[in-house]
Amino acid sequence: MRALAVTLLLLGGLWAGPTLADAEALREFDNPEQRARYNALLEEIRCLVCQNESLASSSADLAQDLRDEVYRLVVTENRSREAAIAFLTDRYGDFVLYRPPVQPNTWLLWTGPLLMLLVGAGVLIAVVRQRRRQPEPELEPAERERAERLLRGDGDRP
């Protein structure tokens with residue numbers, strides 16, 4: 001039964017895998033430079049659905065639509081890389097780029113991880129300093145006697 005399940009999974013993967021590659025193979029380019037520009041843009045543009053994948057690696061329907069859009073910009077309209085990126089960012093915002101430009105509206109994006117690290121370090125330092133200031137509580141005489149008996153090996157007898 002396991003062998004059948006593994007076989008079905010493998011066959012499913014073989015059937016589903018080539019569909020994206022086949023769709024890309026159907027694209028025709030006037031020259032190798034266009035193909036290179038198209039492929040480079042697909043790596044630079046983020047899938048708006050997946051958000052952590054490029055258009056080149058995403059299998060979402062919207063990613064296919066964006067790949068069609070990039071193809072139209074590069075091949076049909078023969079736009080440069082910069083013009084294509086400008087069109088896409090005007091339409092979808094800087095979020096569509098894996099590496100958005102450093103500008104006032106993206107400062108938090110670029111400095112956010114460093115700020116979070118500094119805040120975390122500050123909290124850690126404050127907690128450690130506070131714990132150092134607190135004296136260790138003294139044992140009551142009965143507790144001290146019981147601890148000494150336990151250390152001697154007399155057990156927990158009175």
Side-chain angles (χ1 to χ4, degrees), residues 1-139 143:
M1 190 65 169
R2 282 187 179 169
L4 178 62
V6 169
T7 304
L8 289 175
L9 283 172
L10 289 174
L11 288 175
L14 291 174
W15 174 74
T19 56
L20 181 59
D22 292 342
E24 296 304 313
L26 297 176
R27 302 212 186 267
E28 294 181 17
F29 298 90
D30 295 337
N31 55 54
E33 187 268 329
Q34 275 185 343
R35 179 180 295 275
R37 192 169 12 144
Y38 171 77
N39 289 330
L41 279 169
L42 292 187
E43 292 295 332
E44 288 182 49
I45 305 297
R46 177 192 317 268
C47 173
L48 298 174
V49 175
C50 308
Q51 298 181 4
N52 62 344
E53 289 185 76
S54 68
L55 285 181
S57 61
S58 176
S59 60
D61 290 338
L62 180 61
Q64 181 57 46
D65 293 343
L66 283 172
R67 281 192 292 271
D68 292 342
E69 186 75 18
V70 170
Y71 180 79
R72 181 185 64 78
L73 293 170
V74 169
V75 176
T76 307
E77 297 181 13
N78 200 26
R79 291 194 190 191
S80 67
R81 174 191 168 278
E82 291 76 17
I85 287 177
F87 174 83
L88 292 169
T89 54
D90 287 346
R91 189 165 189 186
Y92 302 106
D94 288 332
F95 180 75
V96 77
L97 301 174
Y98 261 121
R99 290 174 296 278
V102 179
Q103 52 193 22
N105 66 335
T106 60
W107 284 346
L108 185 60
L109 174 71
W110 285 102
T111 60
L114 179 62
L115 291 174
M116 294 299 287
L117 182 66
L118 291 174
V119 167
V123 168
L124 180 67
I125 289 170
V127 167
V128 168
R129 283 184 179 172
Q130 183 179 9
R131 286 191 179 179
R132 283 185 184 169
R133 284 189 212 137
Q134 293 177 347
E136 288 192 30
E138 291 291 322
L139 292 177
E143 292 173 325

Query raised in the report: Do Gln34 side-chain atoms and Asp30 backbone N/O form a donor-acceptor pair below 3.5 Å?
Result: yes
Query raised in the report: Roughly how far, to the nearest 0.5 Å, is CG of Leu41 from OG of Ser80?
Result: 9.0 Å
Report task. Report yes or no: do Asn39 and Glu43 form a side-chain donor-acceptor pair below 3.5 Å? Result -> no
Query - Any donor-acceptor N/O pair, Arg37 side chain to Arg79 backbone, under 3.5 Å - result: yes
Query raised in the report: Can you find a heavy atom in the side chain of Glu69 that is under 4.5 Å from one in the side chain of Asp65?
Result: no
Query raised in the report: Distance from Leu124 atom CG to Arg129 atom CZ, nearest 0.5 Å?
Result: 11.0 Å
Query raised in the report: Is the number of heavy atoms from other residues, nucleotides or ligands within 6.0 Å of CD (Glu33) greater than 12?
Result: yes
Report task. Look at atom CG of Asn31 and say whether more than 12 heavy atoms of other residues, nucleotides or ligands are closer to it than 6.0 Å. Result -> yes
**Report entry** Tyr38 side chain to Leu73 backbone, donor-acceptor under 3.5 Å
**Finding:** no
Query raised in the report: How about Glu138: does its CD atom have over 12 heavy atoms from other parts shown lying under 6.0 Å from it?
Result: no
Report task. Using the side chain to side chain contact (heavy atoms under 4.5 Å, CB included) rule, take Ile45 and Tyr92 through it: C-alpha gap first, then chi angles, then the decisive distance, then the call. Result -> CA-CA 11 Å; Ile45 305 297; Tyr92 302 106; over 6 Å; no
Report task. Please tell me if the side chains of Leu62 and Ser58 come closer than 4.5 Å, counting only heavy atoms from C-beta onward. Result -> no
Query - Side-chain donor/acceptor of Arg67 to backbone N/O of Leu55, under 3.5 Å - result: yes
**Report entry** Within-4.5 Å side-chain heavy-atom neighbours: Trp110 and Gln103
**Finding:** no
Query - Heavy-atom closest pair, residues Leu97 and Pro101 - result: CD1-CD, 4.1 Å
Requested in this report: With the side chain counted from C-beta on, respond yes when Leu88 and Val70 share a heavy-atom pair under 4.5 Å apart, and no when they do not.
Outcome: yes
